[in-house]
Amino acid sequence: MPAEFVKALPILQKIRQAGYDAYFVGGSVRDVLLKRQIHDVDIATSAYPAEIKQIFEHTIDIGIAHGTVLVLERGGEYEVTTFRTEDIYVDYRRPAHVNFVRQLSEDLLRRDFTINAFALADDGQVIDLHGGLADLKAQLLRAVGQPSERFNEDALRIMRGLRFAATLNFDLESATFAAMQTHAHLLTKISIERIFIELDQLLCASYWQKGFRDLLAIEANQYLPGFSNQKALAALLDLPSGFIFTNAVQAWGYLLYQLGDTDGKFLLKNWKVSREFSAAVSNFLTAYHKRLAGDFSSEDLYYLGLSSLTLVEELFAAQNLVTDFDRLKRLDDRLQIRHKTEISVSAGELMTRFDLPAGPQIGQLFHQIELAIVKGQLQNTADEIFKYVKKARLESNNNGNND
Ligand code: ATP
Ligand code: MG
């Protein structure tokens, strides 16, 4: 048993001493069996929430309606959820009711995939009522029970399935695959934020090519905003096998590039992503197009950021296109400012010094200074900037006189 479980054992034991059943369940059991890093330890029990609250001194109600109580004990936090069944799904997503039950077997029945339907007892025994161990061994993702019913109840399971294929390198069992395909249209009923979370994890996973290929095979893309161009999406799979995206910006940026998007902001609005994420993807896309046209300049670096440029260069390298990481480093070493607030003189100081009126001209002048500094034509010191402005004003006066 890994340390996380050992640490949580006293919780199981305390519940059992009070006369109830308790097990570790869910993804952490799966991940232990796969020898993967585990994150959250979930506990399932026959005790009702009120009973759990009697057993432990410190608890927080985090989801009583769904049977979940947070137990605070020995410096740890543990989600303890009563065995439950779910009946009558509304919106293809939320069960209208959950019923608390005393039987573990009923709880395991409601879980999505066989490899997510294990329970682990405090003596280390694995309870496997749905053939999950065999599926783990065969690296198969199989729905618990009737696949069609399960995806009809909750279509998010389709995205979860694709995500597990991508993170675990599992194949979709054939009936599960067929049911995912049949019910993919129900994805339009699922909140886009939840779909984004799953697709994002899929794209960033080690075996994203597998999950993404499955996604296209079941044509789930037809029900995702802006993703109807199957052929363009399939071009993503031309990346060399085994290539892993560095981060979500690179993955989504490259995906939108394949879709022919030059900015990305409009499409990502429909995905309801954060403003920061959308801006980062947009910078990536701009950088990608600039790089296709030629070398990066110091202005590209300044306006788009080192991170966007590096992500682009990495993708170029993956495709065996010409790259120049040293150039990026040189540009970065030479860049004097990262933001206009780092300019040694403020617009106000310029106005006082040269007795300039407020207005658009001062903005233009300041922008000219910024650009000259970025291009390395002007030293970012007050002296040099004042000299530069003096000269620029003389020149513009002379030009004026010549007219
Ligand atoms: P992760 O490693 O991402 O945490 P997980 O399998 O633990 O994966 P969670 O969302 O943490 O996923 O859910 C914990 C468990 O609850 C799952 O292993 C599964 O048994 C069950 N579960 C979660 N979501 C669903 C769902 N939509 N339908 C059925 N069972 C679900
Ligand atoms: Mg989990």
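Remember, it's a predicted structure, so these values are computed and weren't measured experimentally. Read the numbers this way: they start at 1 and go in the same order the structure lists the ligands and their atoms.
- Looking at His339, Glu370, Lys340, Gln336 one by one, the single match for side chain to side chain donor-acceptor pair (under 3.5 Å) with Tyr302 turns out to be Glu370.
- Of all atoms in ligand 1, listed by their number and element, those nearer than 4.0 Å to a heavy atom of Arg110 are 29 (C), 30 (N).
- For ligand 1, the atoms sitting less than 4.0 Å from at least one non-hydrogen atom of Asp154 are 26 (C), 27 (N), 28 (N), numbered in the order shown with element in parentheses.
- Contacts of Ser344 classified as side-chain hydrogen bond (donor to acceptor under 3.5 Å, both in side chains), with partners at least two apart in sequence or in another chain: Asn380.
- Close approach of ligand 1 to Arg163 is summarised as follows: ligand atoms under 4.0 Å from at least one heavy atom of the residue are 1 (P), 3 (O), 8 (O).
- Around CZ of Phe266, the count of heavy atoms belonging to other residues, nucleotides or ligands within 6.0 Å does not exceed 12.
- Residue contacts with ligand 1 do not include Glu153, since none of its heavy atoms lies under 4.0 Å from the ligand.
- Heavy-atom contacts from other residues, nucleotides or ligands closer than 6.0 Å to OH of Tyr207 number 12 or fewer.
- Some N or O of Asp112 is nearer than 3.5 Å to an N or O of ligand 1, by distance alone.
- Between Arg30, Arg111, Met159, Arg160, it is Arg160 that holds the heavy atom closest to atom 13 (O) of ligand 1.
- Between Phe24 and Phe5, the angle of the ring planes stays under 30°, which puts this pair in the parallel group of the 30/60° scheme.
- Assignment of Phe113 to the shell around ligand 1 is not supported, since no heavy atom sits closer than 4.0 Å.
- The Phe164 neighbourhood of ligand 1 comprises atoms 6 (O), 8 (O), with distances under 4.0 Å to a heavy atom of that residue.
- Any N or O atom pair closer than 3.5 Å counts here, and Gln201 shares no such pair with ligand 1.
- Between Asp107 and Arg102 there is no salt bridge, since no side-chain nitrogen of the basic residue lies less than 4.0 Å from a carboxylate oxygen of the acidic one.
- Taking the six-membered ring where the residue is Trp, Tyr257 and Tyr254 present parallel rings, their angle staying beneath 30° rather than reaching 60°.
- Counting only non-hydrogen atoms, the option in Thr114, Leu156, Asp40 that gets closest to atom 11 (O) of ligand 1 is Asp40.
- An N or O contact shorter than 3.5 Å is missing between Gly26 and ligand 1 by distance.
- The aromatic rings of Trp252 and Phe227 sit tilted, their planes meeting at an angle between 30° and 60°.
- Those atoms of ligand 1 that come under 4.0 Å of a heavy atom in Arg157, given as number and element, are 26 (C), 27 (N), 28 (N), 29 (C).
- Remark: distances from the non-hydrogen atoms of Thr167 to ligand 1 are all 4.0 Å or more.
- Each of the atoms 1 (P), 2 (O), 4 (O) of ligand 1 lies under 4.0 Å from some heavy atom of His39.
- A side-chain N or O of Glu314 and one of Thr246 form a donor-acceptor pair less than 3.5 Å apart.
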